[in-house]
2 protein chains.
Amino acid sequence: MMSEYFREQLKEKGLKVTPQRVAIYEAVVELKNHPTAENIIEYISKIHPNISVGTVYKILDTLVEHHLLNKVKNEKDVMRYDAVMKKHHHLYCEETDKIADFDDPELDHIISDYFTKKKIKGFKIKDISLQITGEFKNK
Amino acid sequence: MMSEYFREQLKEKGLKVTPQRVAIYEAVVELKNHPTAENIIEYISKIHPNISVGTVYKILDTLVEHHLLNKVKNEKDVMRYDAVMKKHHHLYCEETDKIADFDDPELDHIISDYFTKKKIKGFKIKDISLQITGEFKNK
DNA sequence: TTTCTAAAGGAGAATTATTATCTTTGCGGA
DNA sequence: TCCGCAAAGATAATAATTCTCCTTTAGAAA
């Protein structure tokens with residue numbers, strides 16, 4: 001089962017493996033497109049009608065805190081979540097409010113090269129992420 | 001006076017020049033470090049005690065909509081505003097939650113060059129902005 | 001300058017997303 | 001299997017923002 005790894009991760013970090021946590025993690029994976037808490041709640045409520053809203057928020061926080069999920073914010077106001085933990089960039093569509101992951105090691109390399117040569121004075125860089133806004137072409 | 005340009009801009013866009021709008025714009029300029037609505041409200045209330053909270057939000061929205069201010073998002077929850085309209089990147093400090101503007105035409109050039117050669121399939125890029133997280137070194 | 005009217009502002013209620021509190025439940029070690 | 005504490009449930013509270021409704025005012029026109 002695909003969430004076996006997730007269960008392992010929970011144990012490793014000393015967190016209890018609960019059906020709620022597994023369900024929410026699976027929801028984020030399943031929903032893919034960077035769901036909001038609301039999206040997750042809606043999805044969850046169909047399968048596990050008795051998981052409460054507060055619990056969803058609490059679990060999302062816990063998982064973000066322990067680096068099992070990522071938090072992303074969009075131009076609008078709400079927080080969104082992502083199960084892809086690998087460092088990556090984001091493509092935003094302003095119109096449809098869609099977010100897609102974007103990964104490009106070559107670009108990362110170019111940028112990190114650049115900042116190796118040219119430091120920002122008074123600032124120590126930990127991470128760089130690109131927000132690429134534009135629009136998705138419908139194929 | 002420095003807000004002369006702002007008044008001109010309002011007129012040009014068919015917006016009325018009101019003392020509230022001028023005051024709020026000046027507050028954002030004055031406060032510099034990407035103030036939140038709350039920061040602005042606090043600042044404003046000292047000078048113009050009778051500008052109401054709802055008005056501040058309404059005016060911020062209007063000005064963002066007409067590109068007289070920018071909205072900046074961070075991983076935390078609140079929106080922040082910026083009077084610097086020139087395209088630029090942001091430096092974020094995770095610890096102190098500070099944001100600084102970062103401008104680097106050379107870097108922009110490198111990145112836009114890169115994407116001229118290597119398109120993202122299914123996506124039309126309109127704008128790229130970097131979020132550089134890390135920490136400010138105290139001089 | 002005065003008048004007129006749509007646009008803008010004021011006050012505070014309403015909404016929305018999120019967090020906190022407090023009680024109950026159940027995971028997982030002994 | 002039992003027990004203790006972490007976690008879940010229910011719901012109240014909070015915070016940021018938006019909405020509603022009514023009043024005021026900027027600025028165009030007379």
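All values below come from the heavy atoms of this structure, side chains included, with hydrogens, waters and symmetry mates left out. Note on naming: letters A, B, ... go to the chains in the order of the sequence lines (proteins, then strands), and numbering restarts at 1 for each one.
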Nearest-Å distance, [atom1] ([X]) to [atom2] ([N])?
{"X": "B:N50", "N": "C:dG10", "atom1": "CG", "atom2": "P", "answer": "7 Å"}
{"X": "B:L63", "N": "C:dA8", "atom1": "CG", "atom2": "C1'", "answer": "12 Å"}
{"X": "A:N39", "N": "C:dT18", "atom1": "CG", "atom2": "P", "answer": "11 Å"}
{"X": "B:I41", "N": "C:dG12", "atom1": "CD1", "atom2": "C1'", "answer": "14 Å"}
{"X": "B:R21", "N": "D:dG27", "atom1": "CZ", "atom2": "C1'", "answer": "13 Å"}
{"X": "B:L10", "N": "D:dA28", "atom1": "CG", "atom2": "P", "answer": "13 Å"}
{"X": "A:I51", "N": "D:dA7", "atom1": "CD1", "atom2": "P", "answer": "15 Å"}
{"X": "A:E65", "N": "C:dT18", "atom1": "CD", "atom2": "C1'", "answer": "16 Å"}

Exam field: side chain B:T133 to backbone A:D127, donor-acceptor pair closer than 3.5 Å: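 Looks like yes, one N/O pair under 3.5 Å.
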
All salt bridge (charged side-chain N to carboxylate O under 4.0 Å, His left out) counterparts of B:E12, not counting sequence neighbours: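 Testing B:E12 for salt bridge (charged side-chain N to carboxylate O under 4.0 Å, His left out), a comparison that skips the adjacent residues, returns none.
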
Can you get from [X] to [Y] by hopping between Ile, Leu, Val, Met, Phe, Trp and Tyr side chains that sit under 4.5 Å apart?
{"X": "A:V29", "Y": "A:Y43", "answer": "yes"}
{"X": "A:Y57", "Y": "A:L15", "answer": "yes"}
{"X": "B:L31", "Y": "B:V56", "answer": "yes"}

Members of residues 53-62 of chain A that approach DNA chain D, where some heavy atom sits under 4.0 Å away: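 Residues of residues 53-62 of chain A under 4.0 Å from DNA chain D: A:T55, A:K58, A:I59.
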
Side chain to side chain contact (heavy atoms under 4.5 Å, CB included) partners of A:E65, counting only residues at least two apart: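 Once residues adjacent in sequence are excluded, A:E65 has no partner under the side chain to side chain contact (heavy atoms under 4.5 Å, CB included) criterion.
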
Contacts of type side chain to side chain contact (heavy atoms under 4.5 Å, CB included), residue B:V17, not counting sequence neighbours: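 Listed in chain order: B:R7, B:L10, B:K11, B:V22.
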
B:D108 side chain to B:H89 side chain, donor-acceptor N/O pair below 3.5 angstrom: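 A pair is found: one side chain offers a donor N or O, the other an acceptor, under 3.5 Å apart.
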
Basic-acidic side-chain contact under 4.0 Å: B:K87, B:D103: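 Answer for the salt bridge query: no.
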
Divergence of helical axes at both termini of the helix from C:dT1-D:dA30 to C:dA30-D:dT1 - five pairs an end, 10° steps: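 Inter-axis angle at the termini of the helix from C:dT1-D:dA30 to C:dA30-D:dT1: 40°.
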
Sequence-aligned protein contact record of nucleotides 23-30 of chain C, with B where the base is within under 4.0 Å of a protein heavy atom and S where only the sugar-phosphate is: ---BBS--

NZ (A:K124) with more than 12 external heavy atoms under 6.0 Å: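 No, because the 6.0 Å sphere around NZ of A:K124 holds 12 heavy atoms or fewer from other groups.
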
Working for side chain to side chain donor-acceptor pair (under 3.5 Å), residues B:Q20 and B:T55: CA-CA 8 Å; B:Q20 291 87 341; B:T55 300; over 6 Å; no

